[in-house]
Amino acid sequence: MRLPLRAAICLAVLITGCDQIAPSYVEPPLPSKLQRDDAIALIRGLDTVGRVDRVDAKLMTFEEYVRVAGPVRTHTGDPQATPLTGFGMIGDQGRSVWAVAISGQVWPQGRVPVFFGTGPRVSPTPYPPYRWAIFLIDAVPGQLMVIGDAGIGEAWPAVFADLPNHAVAR
């Protein structure tokens with residue numbers, strides 16, 4: 001079936017003009033004490049972070065983080081150990097959080113472990129560092145909440161690109 005020329009032109013104008021007629025979807029702003037650079041600086045200043053090769057941060061709700069990235073995975077000092085899942089938050093699932101992804105050197109349980117007893121200490125860092133981690137910051141008070149995930153791969157997970165990124169409410 002061939003369209004008459006006039007109908008084809010109208011269809012082409014309609015298709016190319018749709019992006020100007022329909023508003024593009026923008027994430028609504030969220031409350032935060034911190035701006036993006038402040039959230040990154042907070043994480044870079046932690047003793048659990050060593051060398052930083054790459055860093056990025058996104059503002060979202062905790063519920064959005066879990067929906068896109070999955071449950072929080074708590075890691076031990078040993079990068080080969082299986083992470084624990086099930087970190088939950090009592091109360092506001094819509095709480096604003098900064099997800100700050102770091103590639104480089106990360107020790108989720110701290111660089112200097114706590115020793116009990118009088119045995120010999122082989123090394124202040126018995127495990128090698130993780131290669132990446134995603135830190136979650138409670139955005140309103142501006143405090144570290146939890147490490148959402150960590151890993152030994154060369155790059156942080158591709159799911160970070162799929163996380164929403166809201167503007168900070170004024």
Side-chain angles (χ1 to χ4, degrees), residues 24-115 123-170:
S24 59
Y25 180 73
V26 177
E27 300 289 347
L30 294 174
S32 177
K33 176 181 178 180
L34 306 172
Q35 295 293 323
R36 179 183 181 276
D37 290 343
D38 301 325
I40 290 171
L42 177 83
I43 299 305
R44 288 186 91 143
L46 296 174
D47 66 350
T48 58
V49 176
R51 185 187 76 247
V52 175
D53 298 332
R54 182 175 162 216
V55 64
D56 196 3
K58 293 183 176 189
L59 179 63
M60 67 206 69
T61 66
F62 183 74
E63 182 179 44
E64 289 172 327
Y65 175 82
V66 171
R67 182 173 33 86
V68 176
V72 169
R73 294 166 189 89
T74 305
H75 293 268
T76 64
D78 181 1
Q80 302 303 321
T82 303
L84 303 172
T85 58
F87 173 85
M89 185 185 313
I90 297 172
D92 186 11
Q93 294 294 312
R95 179 179 307 204
S96 301
V97 296
W98 282 100
V100 179
I102 296 275
S103 284
Q105 294 178 320
V106 181
W107 291 269
Q109 296 300 324
R111 233 186 282 203
V112 181
V114 176
F115 292 100
S123 166
T125 53
Y127 298 113
Y130 285 74
R131 291 281 298 128
W132 62 266
I134 299 175
F135 295 81
L136 298 180
I137 298 171
D138 192 339
V140 173
Q143 298 173 339
L144 176 65
M145 187 165 53
V146 69
I147 296 177
D149 201 0
I152 56 174
E154 288 298 314
W156 61 59
V159 73
F160 187 81
D162 297 333
L163 291 172
N165 191 16
H166 296 256
V168 174
R170 304 245 173 233

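- Side-chain N or O atoms of Lys58 include none that pairs as donor or acceptor with a backbone N or O of Ala101 at under 3.5 Å.
- Closest of all the heavy-atom pairs between Val159 and Ala69 is CG2-CA, 4.0 Å.
- Screening residues 140-152 for salt bridge (charged side-chain N to carboxylate O under 4.0 Å, His left out), with sequence neighbours left out, gives Arg73-Asp149.
- In this structure, CD on Glu64 lies 5.5 Å from CD on Glu27, to the nearest 0.5 angstrom.
- Minimum interatomic distance between Ala99 and Met60 (heavy atoms only, all atoms of both residues): CB-CE, 3.7 Å.
- Partners of Trp98 under the side chain to side chain donor-acceptor pair (under 3.5 Å) rule, at least two apart in sequence or in another chain, are Ser32.
- Taking the side chain to side chain contact (heavy atoms under 4.5 Å, CB included) definition, one finds that Ala81 meets it with Thr76, Asp78, sequence neighbours left out.
- Across Val168 and Leu59, no two heavy atoms sit closer than the pair CG2-CD2, 3.8 Å.
- Sorted by first then second residue, the salt bridge (charged side-chain N to carboxylate O under 4.0 Å, His left out) pairs that include residues 159-169, not counting sequence neighbours, number zero.
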If you look only at distance, which donor and acceptor atoms sit under 3.5 Å apart when one is on a side chain in residues 131-146 and the other is two or more places apart or in another chain?
residue	atom	partner	partner atom	Å
Arg131	NH1	Gly104	O	2.9
Arg131	NH2	Glu154	OE1	3.1
Asp138	OD2	Arg95	NH1	2.9

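- With sequence neighbours left out, the side chain to side chain donor-acceptor pair (under 3.5 Å) criterion links Asp53 to Arg51.
- With rounding to the nearest 0.5 angstrom, the CD1 atom of Ile147 is 8.0 Å from the CG atom of Leu46.
- The two residues Pro31 and Ala169 have their closest heavy-atom pair at N-CB, 4.0 Å.
- Between the Ser103 side chain and the Arg54 main chain, no donor and acceptor come within less than 3.5 Å of each other.
- Under the ring-ring contact (aromatic ring centres under 6.0 Å, His included) criterion, Tyr130 pairs with His75, not counting sequence neighbours.
- Shown here are the ring-ring contact (aromatic ring centres under 6.0 Å, His included) partners of Phe160, two or more places apart in sequence or in another chain: Trp156.
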List the atom pairs, donor and acceptor, that lie under 3.5 Å between side-chain atoms in residues 36-45 and the rest of the protein, sequence neighbours left out.
residue	atom	partner	partner atom	Å
Arg36	NH2	Asp56	OD1	2.8
Asp38	OD2	Gln35	N	3.1

